[in-house]
Participant: 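The following block contains the structure, expressed as structure tokens.
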Amino acid sequence: MNKTTKTPAKNPFATDVLEGLTSTPKTLSSKFFYDKKGDELFQDIMDLPEYYLTNLEFEILDNHKKEISEAFSAQEGFDLIELGAGDGKKTKILLRYLQQEQYSFTYVPVDISNNVLQQLTSSLEKELPELETAPQQGTYAEVLERLEEYRSRKKVIMFLGSNLGNLLPEQAVNFLKKITAAMGPEDLFFIGLDQKKHPKKILDAYNDASGVTEAFNKNLLTRINRELDGDFEEESFIHWPVYNPESGTTKSYLVSTKEQSVHIKSLNLEVKFEAWESIHTEISQKYDSASVNWLAQQAGMKITGSFTDKDRYFKNYIFRK
Ligand code: AVI
């Protein structure tokens with residue numbers, strides 16, 4: 001008789017938590033911030049006075065929409081593929097302008113969250129009813145593979161909000177290499193990257209006075225408690241972001257304020273914390289011209305244009321193959 005062993009379906013969150021909390025030093029991955037509550041908290045972060053990134057990118061797109069649209073345009077029209085589309089607030093500036101100026105294009109918003117995509121499409125139906133949209137749900141990796149399908153005309157791939165900064169340098173290069181591989185000679189990659197600036201300005205953006213970013217960071221613990229049957233006490237951890245002006249890296253931590261043990265039932269795991277031991281949860285990289293040139297070169301792309309605000313705090317770049 002044949003014996004079949006059934007392997008339990010892999011849960012990426014469980015795998016990541018197990019690996020991260022049994023490593024030294026302890027880590028958790030920021031990609032798991034974004035459950036329903038995390039999506040809402042990130043929306044609130046974007047409205048914070050300290051979180052300058054969103055408003056500045058909005059302003060850059062608004063001030064330069066004509067030049068950006070001209071760079072995007074192609075005689076046969078183009079597909080505008082946005083990775084991590086979110087609520088589309090910033091993109092709508094471009095979409096509205098492109099439509100008003102009668103550019104021919106299809107908007108392809110990509111997001112891992114079906115919920116986010118549905119909200120975006122219904123708001124677009126109301127605000128820009130004539131817009132041609134083709135939403136795609138999936139991880140960046142899945143969608144990058146599917147980009148093969150968009151070969152019939154020019155592709156403009158957009159990646160706003162300094163989302164690249166949440167990847168470790170090696171992951172960021174691999175991600176960009178995949179984008180390059182999906183691009184033809186006419187295609188563009190349009191990316192927004194937060195720049196190095198006064199360390200206090202950066203630190204304040206990740207340590208807002210009202211505590212929204214703290215709740216966003218701690219939501220990882222709540223998620224472990226809910227989804228993996230854990231017993232983290234959120235009040236026994238503090239949110240602690242640090243910025244290194246040399247590397248341009250902001251790192252966020254959760255620091256245990258006492259010696260404690262946490263039990264995560266579904267992983268059959270007991271995690272011991274020394275007093276003041278940390279869990280590293282997020283990296284938010286800030287860039288300068290040397291680091292952006294390095295990234296482009298590593299990925300096999302050229303920077304052919306850039307747009308910024310009056311303080312040069314944030315930049316949007318056009319990359320080509
Ligand atoms: C989504 N990402 C670019 C944000 C950032 O700035 O790194 C996430 C975030 N983390 C804390 N505040 C905002």
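Because only heavy atoms are used, hydrogens play no part in the values below, and waters and symmetry mates are left out as well, while side chains stay in. In this text the structure is predicted, and so the values were computed from the model without any measurement. As the structure lists them, so they are numbered: ligands from 1, and atoms in each ligand from 1.
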Participant: Between Phe216 and ligand 1, which part of the residue brings a heavy atom under 4.0 Å of the ligand: side chain, backbone, both or neither?
Facilitator: side chain

Participant: Do the numbers put Lys218 on top of the ring of Phe237, so that NZ or CZ is under 6.0 Å from the six-membered ring centre and no more than 45° off the axis?
Facilitator: no

Participant: Measure the distance from atom 7 (O) of ligand 1 to every protein heavy atom, then report the residue, atom name and distance (to 0.1 Å) of the closest one.
Facilitator: Ser284 OG, 2.6 Å

Participant: Crowded around Glu40 CD? As in, over 12 foreign heavy atoms under 6.0 Å?
Facilitator: yes

Participant: Distance check, rounded to the nearest 0.5 Å: Asp194 atom CG versus Gln285 atom CD?
Facilitator: 10.0 Å

Participant: Please report whether the ring centroid of Tyr287 lies less than 6.0 Å from that of Phe314.
Facilitator: no

Participant: Mark the output for Phe42 as yes if a heavy-atom distance to ligand 1 is under 4.0 Å, and as no if none is.
Facilitator: yes

Participant: Any atoms of ligand 1 less than 4.0 Å from a non-hydrogen atom of Ser162? List them with their elements.
Facilitator: 3 (C)

Participant: Examine the proximity of ligand 1 to Thr213 and report which part, side chain or backbone, both or neither, has a heavy atom under 4.0 Å away.
Facilitator: side chain

Participant: Is the distance between the ring centroids of Phe72 and Phe190 under 6.0 Å?
Facilitator: yes

Participant: Any N or O of Lys286 that comes nearer than 3.5 Å to an N or O of ligand 1?
Facilitator: no

Participant: Closer than 3.5 angstrom, by distance alone: can the side chain of Glu50 be matched with the main-chain N or O of Ala209 as a donor-acceptor pair?
Facilitator: yes

Participant: How far is atom 10 (N) of ligand 1 from the closest protein heavy atom, and which atom is that?
Facilitator: Glu282 OE1, 2.8 Å

Participant: Can you pull out the closest protein heavy atom to atom 4 (C) of ligand 1? Residue, atom name and distance to 0.1 Å, please.
Facilitator: Tyr51 OH, 3.3 Å

Participant: Backbone N or O of Lys200 within a donor-acceptor pair of the His198 side chain at under 3.5 Å?
Facilitator: yes

Participant: Test of understanding: with ring pair (Phe, Tyr, Trp, His ring centres under 6.0 Å), list the residues that count as partners of Tyr103, not counting sequence neighbours.
Facilitator: none

Participant: Could you tell me whether some N/O pair between Tyr34 and ligand 1 is separated by less than 3.5 angstrom?
Facilitator: no

Participant: Could you tell me whether ligand 1 has any atom less than 4.0 Å away from a heavy atom of Gly161?
Facilitator: yes

Participant: Check this for me - ligand 1, Asn166, N or O atoms closer than 3.5 angstrom, yes or no?
Facilitator: yes

